[in-house]
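Written below as structure tokens is the structure these notes are about.
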Amino acid sequence: MNVQHDTQTSLANIDGVFQLFVEVNITQMLATTEMTRVLPHKLTFSQFSLLSHFSRTENLQRSIVDLARIFQVTKPSMGETVDKLLSKGFVKVEANPADRREKIVSLTEQGAAAKLDAEKAIYPLLEAMLAQMGVAQFEAAYTALKPIRQWLDDNRNV
């Protein structure tokens with residue numbers, strides 16, 4: 001990825017970047033609250049996020065440690081999220097054949113259906129936003145945020 005550097009980094013530039021992250025954080029909190037309000041199956045946003053992660057790739061399997069790393073939460077926190085989804089029948093947990101102490105998580109058919117139900121429940125919110133703001137606003141935001149997210153993802157351990 002080709003990143004252009006400002007030759008004169010100033011406090012005003014740094015403050016602008018900081019303010020962008022403040023806006024992203026507030027937007028994320030507001031969106032999460034609104035989406036959680038309409039999620040079916042008594043899903044939390046964390047549970048919905050995990051179902052979404054698994055539904056991106058068919059037959060995806062991940063350890064709880066890997067999931068905690070991907071979602072940047074603690075292993076006990078991820079274990080609790082997995083346990084809640086397990087109790088709903090949305091994921092299955094099996095021992096890793098190579099290391100019986102490690103648990104491997106995968107999505108069930110019920111979990112895939114619950115994820116689709118959740119997306120359908122969120123659509124009216126998204127449709128209202130699109131109707132009021134227009135698609136160009138979201139396309140511009142996506143275009144601007146994608147390289148920032150990619151840089152952060154690539155530099156997690158910096």
Next item on the list: State whether the side chain of S55 and the backbone N or O of S52 hold a donor-acceptor pair below 3.5 Å, judged by distance alone.
Entry: yes

Notebook entry, point to check: Do other residues, nucleotides or ligands put more than 12 heavy atoms under 6.0 Å from the NZ atom of K92?
Noted result: no

Note to self: I'd like to check F21 versus L152 (side-chain heavy atoms, cut-off strictly below 4.5 Å). Are they in contact?
What the structure shows: yes

Notebook entry, point to check: When rounded to the nearest 0.5 angstrom, what is the spacing between CZ in F48 and OG1 in T36?
Noted result: 9.5 Å

Notebook entry, point to check: Judged by atom type as modelled, is there a donor-acceptor pair below 3.5 Å linking the side chain of S106 to the main-chain atoms of Q61?
Noted result: no

Margin query: Against Q47, only a single residue in K88, K115, K84 fulfils side chain to side chain donor-acceptor pair (under 3.5 Å); can you say which?
Written below: K88

Notebook entry, point to check: Side chains of Q28 and T32: is there a donor and an acceptor less than 3.5 Å apart?
Noted result: yes

Check: When rounded to the nearest 0.5 angstrom, what is the spacing between CD1 in I70 and CG in D153?
Finding: 10.0 Å

Note to self: If the condition is ring-ring contact (aromatic ring centres under 6.0 Å, His included), which residues does F138 pass it with, not counting sequence neighbours?
What the structure shows: none

Margin query: Starting from Y123, can I reach M133 by hopping between I/L/V/M/F/W/Y residues whose side chains sit under 4.5 Å apart?
Written below: yes

Notebook entry, point to check: Do the side chains of I104 and L85 join up, straight or via other hydrophobic residues, at under 4.5 Å, putting them in one cluster?
Noted result: no

Item checked: Qualifying side chain to side chain donor-acceptor pair (under 3.5 Å) pairs, either residue in residues 37-46, two or more places apart -> E34-R37, H41-D117

Item checked: Inter-residue atom distance N155.CG - Q150.CD, 0.5 Å rounding -> 9.5 Å

Note to self: Applying side-chain contact (heavy atoms from CB on, under 4.5 Å) to L67 and F54, what does each step give before you reach the verdict?
What the structure shows: CA-CA 10 Å; L67 290 169; F54 276 109; 3.9 Å; yes

Note to self: Between R101 (side chain only) and A95 (backbone N and O only), is there a donor and an acceptor less than 3.5 Å apart?
What the structure shows: no

Margin query: Would you say CD of E58 has more than 12 non-hydrogen atoms from neighbouring residues, nucleotides or ligands within 6.0 angstrom?
Written below: no

Check: Minimum heavy-atom separation for P124 to K120, with atom names?
Finding: CD-O, 3.3 Å

Next item on the list: State, to 0.1 Å, how close P40 and A121 come at their nearest heavy-atom pair, and which atoms those are.
Entry: CD-CB, 3.9 Å

Checklist line | Check: L60 main-chain N/O paired with T57 side-chain donor or acceptor under 3.5 Å | finding: no

Check: Is it the case that one hydrophobic cluster holds both V38 and F90, taking links as side-chain heavy atoms less than 4.5 Å apart, direct or via other members?
Finding: yes

Next item on the list: Nearest 0.5 Å please: distance from the CG atom of D66 over to the CD atom of E102.
Entry: 6.5 Å

Checklist line | Separation of K103 NZ from D83 CG (nearest 0.5 Å) | finding: 10.5 Å

Notebook entry, point to check: Is there a side-chain contact between F71 and T81 (heavy atoms, below 4.5 Å)?
Noted result: no

Notebook entry, point to check: Apart from V22 itself, what residues make up its hydrophobic cluster, given side-chain heavy atom links below 4.5 Å?
Noted result: F18, I26, M29, L30

Check: For A114 and L51, which heavy atoms make the closest approach, and how far apart are they?
Finding: CB-CD1, 4.2 Å

Check: V91 and L116: same hydrophobic cluster, using ILVMFWY side-chain contacts below 4.5 Å?
Finding: no

Note to self: In this structure, would L145 and M129 fall into the same cluster of hydrophobic residues linked by side-chain contacts under 4.5 Å?
What the structure shows: no

Item checked: Shortest non-hydrogen contact between A98 and N96, atoms and distance -> N-OD1, 2.9 Å

Notebook entry, point to check: Are H53 and R62 close enough that some pair of their side-chain heavy atoms sits under 4.5 Å apart?
Noted result: yes

Note to self: Could you measure the distance from the CD1 atom of I64 to the CE atom of M78? Nearest 0.5 Å is fine.
What the structure shows: 8.5 Å

